[in-house]
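Basis for what follows: all heavy atoms, side chains included, without hydrogens, waters or symmetry-related copies.
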Amino acid sequence: MAATGGEGVVEARIAEWRSYLRRRQVIREVDVAELEDHLRGQLDALRSAGLAEDEAFLVAVKRVGAVDALSREFAREHSERLWKQLMATPGTGDEEAAGRRREATVALALAVAAAALVKLPELFGYRPGTHQAFYLRNASLAVFPLLAAYFAWKRALPGRVVGVLAALFAGSALVVNLYPFGSANQTLFLAALHLPIALWFAVGVAYAGGRWADGARRMDFVRFSGELFIYFVLIALGGGVVTAFTVGIFQSIGADAEWFVERWLVPCGAAGAVLVAAWLVEAKQSVIENIAPVLSRIFTPLFAAVLVTFLATMVFTGRGFDLGRDVLIAFDLLLAVVLGLLLYAISARDPDAPPGGFDALLLVLVVSALLVDGLALGAIVSRISDFGFTPNRVAALGENLVLLVNLAGSAWLQGRFLRGGVPFNALERWQTGYLPVFAAWAAVVVVVFPLLFRFS
C-alpha cells in the first residue's frame, strides 16, 4: 500500500512536470512524450538501484534536465519551429497549429474591437479635442476589458470569475463617468492615472486563470507585464516608422495625411497594439523568457549607478532638493521603474541558484531607491506642512509610503538572502503577496479621493 501511494505521488509529479513542459511553445507534443519516456526510464533505473520514489523522481528530473534549459535547447536546435508556430501556416494538418490560428484570430478580432471602441464615442459627439476629460476617464476601459476577455477565453475561466470581472469593469466605468469631475482638476487626473493600475490587476486575475491567490501565477503575471511592455514598445517603434512614411509619401503628392494619423492611426493603433502584443507574448513565450535575464542584467547596474551617483552628489554638495510638481512626478516614475526592474529581475532569476554578485548589485539598487524614497517623503511632508493638503500631495504621500514599505521589505529579505538566512523564494513571496496593495491603493485614489476632496 505504501508503494502504491508513493507511485501515486510520483505520477502526480510527472503529470505536473509534463503539463509545465507542454506550455513551452517550441516543444511539440511528440517531444514531450519522448522526454517523458526518458524520464520514466531514469526512474526505473533509480528504483532498481534502491532509491525511494520521491528521491528517484528528483534525481531523474535532474538527469533529464531543467524545464527552462530544455526549452532553451529546443529553441536553439529547432528555431525554424518558432516561425511556423507563430504564422501557423495552413495545410499542416496539425491540431496544435489550428489552435494557434484560432488564438491569433481571436486576438486580432479583439484588437480590432479595441480600435473600434476608441472611435465609438465620436459617433455620439465626443471629440478628442473638445472632450478631453471623457477620454481621460475611459482610455483604459477601451482596452483592458478586452484584454481580460482574451485571457478569460484562453484560460476557459469559470462563469463565476467572468461575472466578477465583468462587474468590476462595469463598476469602474460607472464610477469614473458618474462622478461630477470638472474639466481639469486634480482628482480627475489622479483617477485617470490610477484607474489603469487598478484594472491591470483585474487583467491579472484573468491571466492567472482565476488562481490569483497562487503566488507562482502572480509572478507569471509580472513576467507577462514586463514582456508585454517590451513588445508594445517594439510595435510602437515600428508604428512610428509607418507613421513617418505615411505622412511623407502623401506629402510628396501634395495630400495632407496628418489628420488621418492623429485621429485614426495613432489612437486605434495604440489600442489594438496592446492586444497584439499580449498575443505575441503568449505565442512566443519560450523565446521571450530568455530576454528577461538579459534586460535585468543590463538595466540594474545602470539604474543603481544613477541612484548612487545622485545620492553621493547630494552628500558631497550638501544640497537638498525642492519637490515641485514636475520633479515629484519624475521621482515617482523613477521609483516605479526601479520597482518594475526589481520585479522583473526576481521573475527572471533561478530561485535555486546560490547568491552571487548580481544579487548584491540588486541590493544596492533597492537600498538606493529606499533612500531616495525617504528623501522624497520628507520633502512631501514638508510641502504639506507649509502649503496644506491637496489631492496631488496626499496621493504622492500615499504612493511613496506604499513604495517605502515594499522597498524596505525587499531590502531586508535581499540582505538576508545574501547572508544565507532565507531562501530566494521568500523575496518572491513578499513581492507577489504585496501586489494587491498597489491595486488597493489605486482603487482608493480612484473611488475615495474624489469624494474626500469634493472633486476638486
| message | Between Asn400 (side chain only) and Ala396 (backbone N and O only), is there a donor and an acceptor less than 3.5 Å apart? | response | yes
| query | When you check the gap from the basic side-chain N to the acidic O, do Arg217 and Asp214 get nearer than 4.0 Å? | reply | no
| message | Measuring centre to centre across the rings, with the benzene-like ring taken for any Trp, is Trp441 within less than 6.0 Å of Phe449? | response | yes
| request: Taking atom types as modelled, find out whether Trp200 and Ser140 have a side-chain donor-acceptor pair closer than 3.5 angstrom. | output: no
| request: Give a yes or no on whether Trp153 atom CH2 has more than 12 heavy-atom contacts from other residues, nucleotides or ligands under 6.0 Å away. | output: yes
| request: Heavy atoms only: give me the nearest Phe417-Pro354 pair and the separation to one decimal. | output: CZ-C, 4.4 Å
| Does Arg155 come within less than 4.0 Å of Glu282, counting only side-chain N to carboxylate O? | yes
| Do Leu339 and Gln431 touch side chain to side chain, with heavy atoms closer than 4.5 Å? | yes
| So do Phe181 and Pro450 actually touch side chain to side chain, heavy atoms under 4.5 Å? | yes
| Closest heavy-atom contact between Gln414 and Asp359? | NE2-O, 2.9 Å
| message | Determine whether a donor-acceptor pair (N or O, by modelled atom type, separation under 3.5 Å) exists between the side chain of Gln186 and the backbone of Asn392. | response | yes
| said: If you apply the rule side chain to side chain contact (heavy atoms under 4.5 Å, CB included), what do you find for Thr432 with Phe221, and how did you get there? | reply: CA-CA 10 Å; Thr432 55; Phe221 183 61; over 6 Å; no
| side chain to side chain contact (heavy atoms under 4.5 Å, CB included) with Leu451: which residues, sequence neighbours excluded? | Tyr179, Phe455
| said: Quick check: closest heavy atoms across Val394 and Phe389, and the distance to 0.1 Å? | reply: CG2-CD2, 3.6 Å
| Does any N or O in the side chain of Lys154 come within less than 3.5 Å of the main-chain N or O of Tyr207, such that one atom is a donor and the other an acceptor? | no
| Do any N or O atoms from the side chain of Tyr135 and from the backbone of Tyr126 form a donor-acceptor pair under 3.5 angstrom? | yes
| field | Test item: Leu110 and Leu147 side chains (from C-beta on) under 4.5 Å apart, heavy atoms | value | no
| request: List the steps and the verdict of side chain to side chain contact (heavy atoms under 4.5 Å, CB included) for Val106 and Glu103. | output: CA-CA 5 Å; Val106 171; Glu103 183 177 337; 5.8 Å; no
| task | Check Leu228 against Ala277 and note the closest heavy-atom contact, atom names and distance. | result | CD1-CB, 3.4 Å
| Just by modelled atom types, is the Trp259 backbone N or O under 3.5 Å from a matching donor or acceptor in the Trp264 side chain? | no
| Centroid-centroid under 6.0 Å between Phe224 and Phe151 rings | yes
| remark: Heavy-atom closest pair (Ala111 atom, Val276 atom, distance to 0.1 Å) is CB-CG2, 4.0 Å
| said: Evaluate Val176 against Leu141 for side chain to side chain contact (heavy atoms under 4.5 Å, CB included), listing each step before the verdict. | reply: CA-CA 10 Å; Val176 296; Leu141 289 166; 4.1 Å; yes
| query | Do the side chains of Val222 and Ile346 get nearer than 4.5 Å, heavy atoms only? | reply | no
| field | Candidate pair Lys119 and Arg263, rule side chain to side chain contact (heavy atoms under 4.5 Å, CB included), full reasoning | value | CA-CA 9 Å; Lys119 299 300 294 181; Arg263 293 182 56 184; 4.1 Å; yes
| field | Side-chain heavy atoms of Phe438 within contact of Leu403, under 4.5 Å | value | yes
| query | With a 4.5 Å heavy-atom cut-off, do Trp212 and Phe201 have their side chains touching? | reply | yes
| task | Give the minimum heavy-atom separation between Val205 and Val161, together with the two atoms involved. | result | CG1-CG1, 4.3 Å
| request: Could you check if a side-chain atom of Leu427 sits within less than 4.5 angstrom of a side-chain atom of Ser410, using non-hydrogen atoms only? | output: yes
| query | Is there a side-chain contact between Pro436 and Arg218, using heavy atoms and a 4.5 Å cut-off? | reply | yes
